[in-house]
Amino acid sequence: MPDLATPLVAWYRANARDLPWRHPGFSAWGTLVSEFMLQQTPVNRVIPHLEAWLARWPTPTALAADPPAEAVRQWANLGYPRRALWLHRAAVEIRDRHGGAVPRDVDDLLALTGIGDYTARAVAVFAYGERHPVVDTNTRRVLARAVDGRAHPSAPSRRDLVDMAALLPEDAADAAEFDAAAMELGATVCTARAPSCEACPIARQCAWRAAGYPDTGDTRRRQARYEGSDRQARGVVLKQLRDAAAHAIAADRVAADWPDPQQRDRAIDSLVADGLIEAADGLLRLPG
DNA sequence: TATGCGTGGAG
DNA sequence: TCTCCAAGCAT
């Protein structure tokens with residue numbers, strides 16, 4: 001297999017975007033918060049929310065001291081609001097189990113609510129300089145193309161970690177840069193749609209390019225329609241509760257104009273089941 | 001392993 | 001307009 005790390009890291013050093021979490025001295029807590037926010041939400045939308053979040057809660061202990069309702073409100077329109085709840089729970093766990101310090105061990109990180117294979121390794125590597133493969137949608141696409149010669153990665157698998165590990169430089173600092181570089185390439189050059197292969201530092205090593213850019217093996221699952229979905233109904237209900245100046249709203253006044261009353265009720269029930277809202281005495285409110 | 005889960009921008 | 005996509009996670 002050709003050496004991908006050397007040209008990739010050289011390109012990264014010259015072309016990396018200036019992002020807040022790449023600044024020297026950025027805290028491990030800041031890295032953890034940024035990774036939660038970046039789970040399925042684009043960088044440009046995350047940055048202002050991240051800065052506001054860290055200004056309000058500079059440490060896990062500070063967040064843990066406030067009720068989860070405040071986390072859900074501060075999350076605003078970032079999407080997937082369960083992440084706000086999970087981040088709050090993780091902050092409580094960090095306070096109670098780790099003395100308020102974000103752990104650096106991958107297994108300790110994996111044990112925190114809302115942290116999976118990606119986030120655990122991203123924090124261990126980018127905040128602490130540990131040596132691990134970091135696998136996300138970008139690195140999976142870059143490897144699918146450069147190594148496997150396919151336009152799209154196959155379904156996510158534990159094998160992805162092994163494949164990424166096989167390319168990792170020995171030195172931990174080099175490995176961390178390689179992880180970041182593979183992600184950055186996927187985010188800015190080797191993109192899902194219309195990749196900029198003319199600007200790619202590993203075009204000469206790319207199996208997909210060598211094969212003539214075949215468009216085969218697409219196993220992506222289609223996203224369900226959003227308009228009129230349960231997800232949209234949940235979003236309307238939660239937004240109303242987030243924006244409410246009053247502490248609580250009468251249940252029958254929430255999303256009162258939603259066209260399908262059964263779907264509205266289902267949305268409320270599922271939000272309660274998720275712990276994103278609480279229902280009592282005919283009132284709905286964010287979780288205290 | 002497959003599915004449900006928000007929101008907004010780009011093409 | 002409408003489809004695709006965005007540093008995933010829990011179940």
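All chains are named by letter (A, B, ...) in the order of the sequence lines, taking the proteins before the strands, and each is independently numbered beginning at 1.
When heavy atoms are screened at a 4.0 angstrom cut-off, A:Ala192 is found touching the sugar-phosphate backbone but no base atom. No engagement by A:Phe36 is indicated, since no non-hydrogen atom pair under 4.0 Å with the nucleic acid exists. As judged by a 4.0 angstrom heavy-atom cut-off over every strand, A:Arg266 is placed among residues making no nucleic acid contact. Contacts of A:Thr41 with the nucleic acid, taken as non-hydrogen atoms under 4.0 Å apart, include base atoms. Using a 4.0 Å heavy-atom criterion, one finds that A:Gln232 contacts no nucleic acid atom at all. Nucleic acid contact class of A:Arg221 (heavy atoms, under 4.0 Å, all strands): base. No contact: A:Arg121 has no heavy atom under 4.0 Å from any strand. Looking at heavy-atom distances under 4.0 Å, A:Asn44 makes no contact with the nucleic acid at all. Using a 4.0 Å heavy-atom criterion, one finds that A:Thr191 contacts no nucleic acid atom at all.
If you take atom P in B:dC5 and the same atom in C:dA7, they sit 22 Å apart, rounded to whole Å. Taking the C1' atoms as reference points, B:dG8 lies 16 Å from C:dT1, given to the whole Å.
One donor-acceptor pair, N or O on each side, does fall under 3.5 Å between the base of C:dC5 and the side chain of A:Gln223. Between the side chain of A:Arg231 and the base of B:dG6, at least one donor-acceptor pair of N or O atoms lies under 3.5 Å.
When the side-chain nitrogen and oxygen atoms of A:Asn77 are compared with OP1 and OP2 of B:dG8, one or more of them lie within a distance under 4.0 Å. Note on A:Ser34: every side-chain N or O is 4.0 Å or more away from OP1 and OP2 of C:dA7. Taking only side-chain nitrogens and oxygens, A:Gln39 never comes nearer than 4.0 Å to OP1 or OP2 of C:dA7. Not one side-chain nitrogen or oxygen of A:Tyr80 sits closer than 4.0 Å to the OP1 or OP2 atom of B:dT7. At C:dA6, one or more side-chain N or O atoms of A:Arg141 fall inside 4.0 Å of OP1 or OP2 (strictly under the cut-off).
Listed nucleotides: C:dA10, C:dA7, C:dC4. Nearest to the side chain of A:Asn138: C:dA7. Distances from the side chain of A:Thr137 to the nucleotides C:dT3, C:dA7, C:dC5 place C:dA7 closest. When distances are taken from the side chain of A:Arg22 to each of C:dA6, C:dA7, C:dC4, the shortest belongs to C:dA7. For A:Val43, counting side-chain heavy atoms from C-beta on, the closest listed nucleotide (B:dG6, C:dA7, C:dC4) is C:dA7. Among the nucleotides C:dA7, C:dA6, C:dC9, the one closest to any side-chain atom of A:Thr119 is C:dC9.
A donor-acceptor contact shorter than 3.5 Å links the side chain of A:Arg242 to the backbone of A:Ala76.
Separating the CG atom in A:Leu286 from the NE2 atom in A:His247 is a distance of 8.5 Å, to the nearest 0.5 Å. Rounded to the nearest 0.5 angstrom, A:Met37 CE and A:Ser34 OG are separated by 8.5 Å.
Note on A:Arg158 versus A:Asp117: salt bridge recorded, some NZ/NE/NH1/NH2 to OD/OE distance being below 4.0 Å. With salt bridges taken as basic N to acidic carboxylate O contacts below 4.0 Å, none links A:Arg234 and A:Asp230.
Residues A:Arg45 and A:Arg82 each lie close to DNA chain C; by heavy-atom proximity, the contact nearer the 5' end of the strand is made by A:Arg45.
Judged by distance alone, the side chains of A:Arg56 and A:Gln74 do bring a donor and an acceptor atom under 3.5 Å apart.
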